[in-house]
Visitor: 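My questions all concern the structure below.
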Amino acid sequence: MPKMLRRKGPVHRRAILFIDTSGEAMVRRAVAYMGKSVEAETPESLSLLPQEGINKDTVYCAECTNGDLLELMEKIAEIGLPVRIGVNVSSEDSHLLEYLMSKDVSIMMAADRSMKEWCEQFEKAEAFQTYMDPYFQPYFMERYRSLHRQQEQPKEQQMQLEIDKARTVLSDAEIRILEKIIEGKSNRRIAEECYLAVATVNNHVSHLTKKMKANDRTHTIKRAIEEGWINITQSTDSRRY
């Protein structure tokens, strides 16, 4: 059986900027352990990198929480740094994975690994243009299968939120959550689709419920209808069963 050929050494000479959500400075410690040059960055100092000069042999590392990841990724995209983006997240944070796949991320590493295992995976990652830690493969395999299992059911009624009216009371973030509630999504599902932590969604639901003087999620829909925020239309699907 022929052996798989693998390039030796890094494919690209671009520097790597890692976003580390482990909360334990895992990337900095691991890269230093491997004897590589590593520099810690803050969201503020990232904007200065183009002026200061980027060393291709240095691994830059910015640490943040899962809740701040979205904002940090947008900031990096704004700056337009000439680097490969790597992200270190727990394989349990499945709600972040699809978001990361939609962004310009070259390396996805699992923070669940031991230091030794992480270093071994990072060495592999350096040899490829893009790299995903095998820890994430079960999630994406199941996600792929579920997409093929889903069958869209015809809807007898459709409810559409009038955003301009809702905006007189709710923030844009709360409006997005309310739209998902109207679609019948659970808080966990909303978190996955909006790339938010479940705790963040819970807070938004609590705030918008109070603002709308509702008792619970179901009551918020009733209140939205009473306030004239929702248009209800009949489905045009004419199939009979």
Side-chain angles (χ1 to χ4, degrees), residues 19 21 43-44 64-80 87 89-90 92-105 139-140 142-241:
I19 302 173
T21 67
E44 294 73 26
C64 71
T65 63
N66 286 349
D68 295 330
L69 178 61
L70 175 59
E71 184 178 347
L72 184 54
M73 289 290 293
E74 290 177 349
K75 181 178 180 65
I76 292 171
E78 252 178 51
I79 299 170
V87 181
V89 296
S90 169
E92 295 181 358
D93 294 324
S94 58
H95 64 284
L96 296 175
L97 299 182
E98 286 190 53
Y99 166 75
L100 294 172
M101 288 291 288
S102 71
K103 299 298 179 181
D104 188 22
V105 175
Y139 169 79
F140 283 107
E142 179 56 34
R143 184 75 179 114
Y144 177 81
R145 293 189 186 105
S146 68
L147 288 174
H148 284 267
R149 286 196 298 260
Q150 288 175 1
Q151 294 182 356
E152 186 176 354
Q153 298 296 324
K155 298 178 181 178
E156 295 181 0
Q157 288 186 335
Q158 294 180 340
M159 294 190 290
Q160 184 173 2
L161 181 66
E162 293 195 18
I163 294 175
D164 288 340
K165 292 181 179 180
R167 191 171 280 135
T168 61
V169 176
L170 305 178
S171 67
D172 287 344
E174 290 164 347
I175 289 172
R176 183 169 58 166
I177 300 300
L178 180 57
E179 286 181 308
K180 297 295 183 182
I181 292 175
I182 292 171
E183 292 172 8
K185 306 290 176 61
S186 67
N187 285 10
R188 180 167 293 280
R189 185 60 180 165
I190 294 172
E192 292 175 355
E193 292 187 1
C194 296
Y195 311 112
L196 297 171
V198 175
T200 301
V201 174
N202 291 341
N203 286 336
H204 283 317
V205 172
S206 177
H207 291 157
L208 71 88
T209 300
K210 289 178 182 177
K211 287 183 179 180
M212 296 177 69
K213 299 179 181 178
N215 299 325
D216 51 37
R217 286 165 47 97
T218 304
H219 195 201
T220 59
I221 300 175
K222 182 180 178 182
R223 291 284 298 126
I225 294 173
E226 291 172 349
E227 293 295 324
W229 294 1
I230 292 179
N231 283 327
I232 301 177
T233 58
Q234 295 295 323
S235 170
T236 57
D237 195 324
S238 59
R239 287 177 294 179
R240 298 186 181 277
Y241 300 89

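These numbers were taken from a predicted model, which means no experiment stands behind them.
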Visitor: Who are the salt bridge (Lys or Arg N to Asp or Glu O under 4.0 Å) partners of Glu193, not counting sequence neighbours?
Guide: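 Listed in chain order: Lys180, Lys185, Arg189.
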
Visitor: With sequence neighbours excluded, tell me which residues meet side-chain contact (heavy atoms from CB on, under 4.5 Å) with Thr220.
Guide: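 Listed in chain order: Leu178, Ile181, Leu208, Thr209, Met212, Ala214.
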
Visitor: Can you tell which of His204, Arg217, Glu192 makes a side chain to side chain donor-acceptor pair (under 3.5 Å) with Asn187?
Guide: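 Among His204, Arg217, Glu192, the one that satisfies the side chain to side chain donor-acceptor pair (under 3.5 Å) with Asn187 is Arg217.
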
Visitor: Atom OH of Tyr99 and atom CE of Met73: how far apart are they, to the nearest 0.5 Å?
Guide: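 The CE atom of Met73 is 5.0 Å from OH of Tyr99, to the nearest 0.5 Å.
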
Visitor: For Ile230 and Ile221, work out which heavy atoms get closest and say how close.
Guide: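 Here Ile230 and Ile221 meet closest at CD1-O, 4.0 Å.
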
Visitor: Under the side chain to side chain contact (heavy atoms under 4.5 Å, CB included) criterion, do Leu170 and Trp229 qualify, and how do the steps go?
Guide: CA-CA 12 Å; Leu170 305 178; Trp229 294 1; 3.9 Å; yes

Visitor: Starting at NZ of Lys213, measure out to NE2 of His219 and round the result to the nearest 0.5 Å.
Guide: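 Reported value, rounded in 0.5 Å steps: 11.5 Å.
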
Visitor: To the nearest 0.5 Å, what is the distance between CG on Asn231 and CD1 on Ile225?
Guide: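 Interatomic distance, Asn231 CG to Ile225 CD1, rounded to 0.5 Å: 10.5 Å.
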
Visitor: To the nearest 0.5 Å, how far apart are OG1 in Thr200 and OH in Tyr195?
Guide: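 It comes to 15.5 Å.
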
Visitor: Who are the side chain to side chain donor-acceptor pair (under 3.5 Å) partners of Thr218, not counting sequence neighbours?
Guide: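 Thr218 satisfies side chain to side chain donor-acceptor pair (under 3.5 Å) with no other residue.
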
Visitor: According to side-chain contact (heavy atoms from CB on, under 4.5 Å), who are the partners of Asp93, at least two apart in sequence or on a separate chain?
Guide: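 Listed in chain order: Asn66, Ser90, His95, Leu96.
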
Visitor: With sequence neighbours excluded, give me every salt bridge (Lys or Arg N to Asp or Glu O under 4.0 Å) pair touching residues 167-176.
Guide: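 Sorted result for residues 167-176: Asp164-Arg167, Arg167-Asp172, Glu174-Lys211.
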
Visitor: Do the side chains of Lys75 and Glu78 get close enough for a salt bridge, i.e. N-O under 4.0 angstrom?
Guide: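 No, this pair does not count.
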
Visitor: Are more than 12 heavy atoms, taken from residues, nucleotides or ligands other than Glu183, located less than 6.0 Å from that residue's CD atom?
Guide: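 Counting neighbours around CD of Glu183, more than 12 heavy atoms of other residues, nucleotides or ligands fall under 6.0 Å, so yes.
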
Visitor: Which value, rounded to the nearest 0.5 Å, describes the distance between Cys194 atom SG and Glu179 atom CD?
Guide: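 CD of Glu179 is found 9.0 Å from SG of Cys194.
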
Visitor: Under the side chain to side chain donor-acceptor pair (under 3.5 Å) test, which residues partner Lys165, sequence neighbours left out?
Guide: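 Checked Lys165 against side chain to side chain donor-acceptor pair (under 3.5 Å); matches are Glu162.
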
Visitor: Other residues, nucleotides and ligands only: do more than 12 of their heavy atoms fall within 6.0 Å of CD on Glu71?
Guide: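 Counting other residues, nucleotides and ligands, CD of Glu71 stays at 12 neighbours or fewer.
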
Visitor: Working to the nearest 0.5 Å, report the span between NE2 of His207 and CD1 of Ile177.
Guide: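 It comes to 12.0 Å.
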
Visitor: Would you say that Leu100 contacts Leu69 through its side chain, given a criterion of any heavy-atom pair below 4.5 Å between the two side chains?
Guide: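 The answer is yes; the side chains approach within 4.5 Å.
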
